[in-house]
Amino acid sequence: MTPLAQIRFGYGPSASDGEAPSPIGPAALLAQISQPDQGAVAYERPGLAERFRLAEEHTADTRRRRKENDTSPRPPDAPGTVMKEIFRADQLAFVLRPVAARHGFAERLANFWANRLTVGMVGSGGLFIEPFRHDVARAHLAGRYEDMLRTALWHPAMLLYLDQNRSIGPQSNLGQRKGLGLNENLAREFLELHSMGTGYDQTDVTELARLMAGMKHDRDGPGIRSAAVEPGTKRILGQRFGDDDPMAEINRMVAMVAARPETARSVAQRLATHFISDTPPEDLVAQLTRSYLDEGGYLPALYRVLLDHPAAWAPTLSKLRSPQEYVAACLRALGLTGQETALPGLHRRQGFRLPEVMLRMGQPIFRPRGPDGWPETAEDWLTAPMMAARIDFAVDAARAGAEGADPTAVAERVLGPLASPTLRFAIQGAEQRWEGVAVLLGSPEFMRR
Amino acid sequence: MPLIHLTRRSFLTCMGAATASGLMSEVVLAGAQSENRLVVILLRGAMDGLDVIRPLGDPDYAGLRPRILEETPDGIPLDGRFALHPALADLLPLWQAGEFAFAHALALPYRAGRSHFIGQDALEHGSGRADGALGPARDGWLNRALTLIPGADGRTGLSVGQERLLIMEGDAPAGHWFPVEENLLSAQGRRLLDILHEQDPLTGPIYAEAMNLASAGGSGKVLREAEMYSVLGQELARQLLGPARIAAFSLNGWDTHQRQGHHLGQRLPLLAQVILSLRAGLGAAWGKTLVLTLTEFGRTARENGTAGTDHGTGGAMLAAGGVLRGGRAFGAWPGLAEANLLDRRDLMPTDDLRRYPAHALRALFGLDRSQLETVVFPGLDLGSDPGFIL
């Protein structure tokens with residue numbers, strides 16, 4: 001039995017799934033995207049509404065303490081303390097949820113889309129990142145790209161991350177009164193990274209920034225700060241905007257951009273690069289592009305094209321697993337959750353220290369290098385310190401979780417017929433059982449998908 | 001995060017690996033490029049220049065800093081106005097030898113906020129924008145400089161640390177290393193992994209490098225932090241005696257919102273340690289070396305309610321090295337009277353921070369004015385030479 005589907009389209013076979021993984025084909029993978037994942041229930045995180053409430057309570061609490069000169073330690077249920085705890089758990093869930101997920105393809109897609117429309121930490125604030133991952137990626141991965149794009153653009157995490165909150169129309173009331181102006185950051189990345197990538201110019205960016213001035217998202221939902229709205233018409237990609245209600249106009253702009261062939265091509269290219277190859281076959285990209293345009297950006301249609309292409313089932317594993325994918329695959333291979341502490345070789349209280357592990361592998365959680373997200377190609381994950389961190393983790397995971405394991409059986413489960421004769425030989429050549437597993441997890445084959 | 005979890009064993013062999021893999025043997029190639037060396041230390045968290053180089057001669061200073069000065073009084077007089085923080089006493093001999101200097105009241109053009117995150121990115125990218133935004137390439141100014149230095153190759157630039165440093169990222173190839181933790185695998189297990197990766201064209205070369213970082217030798221004890229920075233200085237010196245000419249690393253822990261006296265008392269000796277060990281390790285080559293410490297911005301002129309300082313604007317750059325015209329203060333001093341402060345809170349910047357590294361690149365590596373103003377720091381007005389390089 002070849003666990004190819006779990007490897008290429010999920011986070012690898014899990015020892016918790018039972019003895020051996022059952023064969024999965026395109027239909028079973030597609031079915032995952034519309035079914036709830038029982039394995040991931042424990043990692044459902046608090047939503048935007050609760051976080052807005054906590055943030056407001058924290059502000060009020062801080063104000064009160066300052067006013068009353070209250071310097072006593074904050075109780076464990078203080079809103080600020082609760083917020084910190086939520087954020088800590090959000091970060092862990094970035095790794096732990098893929099470890100626990102049973103619908104690996106849906107989980108991979110959620111992470112793929114959240115990475116294509118990246119948000120990251122601004123200062124020490126990352127409270128809205130996890131809701132973004134949910135509201136944008138998970139909620140729309142089985143729907144249309146336009147809807148995902150619109151939700152991302154209006155999300156408070158995005159407005160904060162790419163400075164849209166600070167963009168004020170220079171001719172608006174606020175702009176005139178305080179001498180403030182536009183910040184093009186989000187307008188530019190929306191066209192460059194989130195949608196078209198090519199086919200627009202600086203004038204389009206500036207005009208779009210004029211249209212977008214005043215966007216906000218508070219506890220009452222998305223809306224417009226009228227005082228910051230730039231008056232007058234705007235010309236974006238040859239079309240006229242700004243004569244109507246600003247919110248409706250922005251959404252009309254999103255629809256126009258989502259329907260552009262450049263957007264179709266860019267989505268297709270990224271999807272194929274993520275799942276299939278650093279240099280995906282041109283006919284696959286072309287088919288995906290066509291499907292996007294024919295189906296109005298309905299994403300399950302693209303997944304179907306992807307899964308029906310011969311390259312999806314080629315037995316050679318050519319993509320390098322990202323650090324998140326690699327860590328999750330190691331833990332799943334051994335039936336670990338990632339939260340263990342009392343196992344051999346682990347730090348007694350902190351266990352696997354996953355945030356530190358991720359940092360060393362080059363993927364510090366919620367801190368992407370820029371709004372273009374984590375890289376999709378192997379070379380970006382291959383420096384000596386990052387590779388050393390992978391080997392160290394393979395050793396730690398095997399030592400902690402494979403004391404009595406039979407390395408050959410683990411290899412059979414996680415790679416099956418994909419394990420090369422050399423790998424089988426090497427695993428059996430180890431002096432201790434756990435070391436055989438360490439060699440398996442640290443092998444170039446296991447680092448791929 | 002500072003360089004924690006470091007073992008002497010892995011650290012030393014990391015350096016040894018660089019030697020063994022031929023980095024140091026390419027004297028011929030190295031000879032093709034400048035003999036000058038530049039080390040940039042990024043002080044993340046915004047170092048309080050006003051405490052480190054204390055303007056005791058400014059009539060308003062003592063009144064702004066009562067609790068900080070009570071906790072750590074005085075300072076070592078440098079000239080009629082400025083005094084060195086007592087925890088930097090080890091650098092006084094360098095000042096006397098003309099190998100240490102500073103410039104006050106420097107800032108990036110970034111003014112739109114006082115965010116560490118944006119400020120550090122702007123510093124490493126060399127952003128000339130008030131909002132601190134990065135250009136489309138999202139690369140670092142040291143990397144852009146590397147593309148212009150005649151004879152530079154992938155070994156000329158080196159970033160040191162756990163994470164990649166933006167300042168060294170970009171089109172020009174550059175080295176990156178970090179000493180890794182002790183590997184628990186037995187020799188046999190290690191050999192088996194070697195065999196598997198050797199056959200793999202993608203992971204093979206990187207795996208070999210990674211294992212060289214981790215291979216055996218030495219005592220394996222965790223170094224105390226101070227000892228670690230002195231080892232860092234010595235070993236970095238060895239790299240700079242090889243083909244490396246430009247190196248960058250970060251030293252964190254400068255965000256002193258509270259108990260500043262305590263925190264600076266811990267961090268400053270580490271900074272002195274790393275500079276002194278670099279100097280010792282470089283020997284005669286110290287005469288061709290410049291060390292710059294850069295920080296994203298300064299801190300408030302007035303201390304806050306918790307014996308610390310908050311995010312400000314005008315900050316200080318420290319410089320050391322034999323190639324420096326040191327023993328003097330650079331930059332125009334704006335004064336600390338309330339009317340002279342920016343927003344009535346921060347030291348008023350009197351110069352663009354980027355001019356100093358730009359002039360350093362010009363003096364040390366022969367980059368010309370137009371390269372510096374268009375490629376390395378686009379939009380910078382290089383202005384007149386501050387004259388801090390011999």
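Each chain gets a letter, A, B and so on, in the order the sequences are listed, and its residues count up from 1.
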Discussion item. Only pairs of heavy atoms separated by less than 4.5 Å count here; which of G362(A), G436(A), A426(A) has the most with chain B?
Written reply: A426(A)
Worksheet item: Which bit of I118(B) comes within less than 4.5 Å of chain A, counting heavy atoms only: side chain, backbone, both or neither?
Response: side chain
Worksheet entry | Identified side-chain hydrogen bond (donor to acceptor under 3.5 Å, both in side chains) partner of R299(B) from the options D310(B), T309(B), T313(B) | T309(B)
Fill in: Which of A398(A), A438(A), A378(A), P371(A) touches chain B most, by non-hydrogen pairs under 4.5 Å
P371(A)
Discussion item. What verdict does the ring pair (Phe, Tyr, Trp, His ring centres under 6.0 Å) test give for Y161(A) and F128(A), after you've listed the backbone C-alpha separation in whole Å, the side-chain angles of each residue and the deciding distance to 0.1 Å?
Written reply: CA-CA 10 Å; Y161(A) 179 55; F128(A) 291 150; over 10 Å; no
Discussion item. One thing to verify: whether R166(A) and D163(A) come together as a salt bridge, which I'm taking to mean a side-chain N less than 4.0 angstrom from a carboxylate O.
Written reply: yes
Worksheet entry | Residues which pass salt bridge (charged side-chain N to carboxylate O under 4.0 Å, His left out) with D139(B), listed by chain and number, not counting sequence neighbours | R144(B)
Fill in: Steps toward salt bridge (Lys or Arg N to Asp or Glu O under 4.0 Å) verdict (D343(B), R114(B))
CA-CA 13 Å; D343(B) 300 339; R114(B) 296 175 175 89; 3.1 Å; yes
Discussion item. Tell me whether R424(A) is salt-bridged to E445(A), with the criterion being a basic N under 4.0 Å from an acidic carboxylate O.
Written reply: no
Fill in: Residue part contacting chain B, namely of R390(A), when any heavy atom lies under 4.5 Å
neither
Worksheet item: Can you list the residues that meet the ring-ring contact (aromatic ring centres under 6.0 Å, His included) rule with H263(B), with sequence neighbours excluded?
Response: none
Fill in: Region of A430(A) in contact with chain B, defined by heavy-atom distances below 4.5 Å
both
Worksheet item: Hey, which residues of residues 180-193 of chain A are touching chain B, say heavy atoms under 4.5 Å apart?
Response: N183(A), E189(A)
Practice prompt. Using side chain to side chain donor-acceptor pair (under 3.5 Å) as the criterion, list what pairs up with H125(B), not counting sequence neighbours.
Written response: none
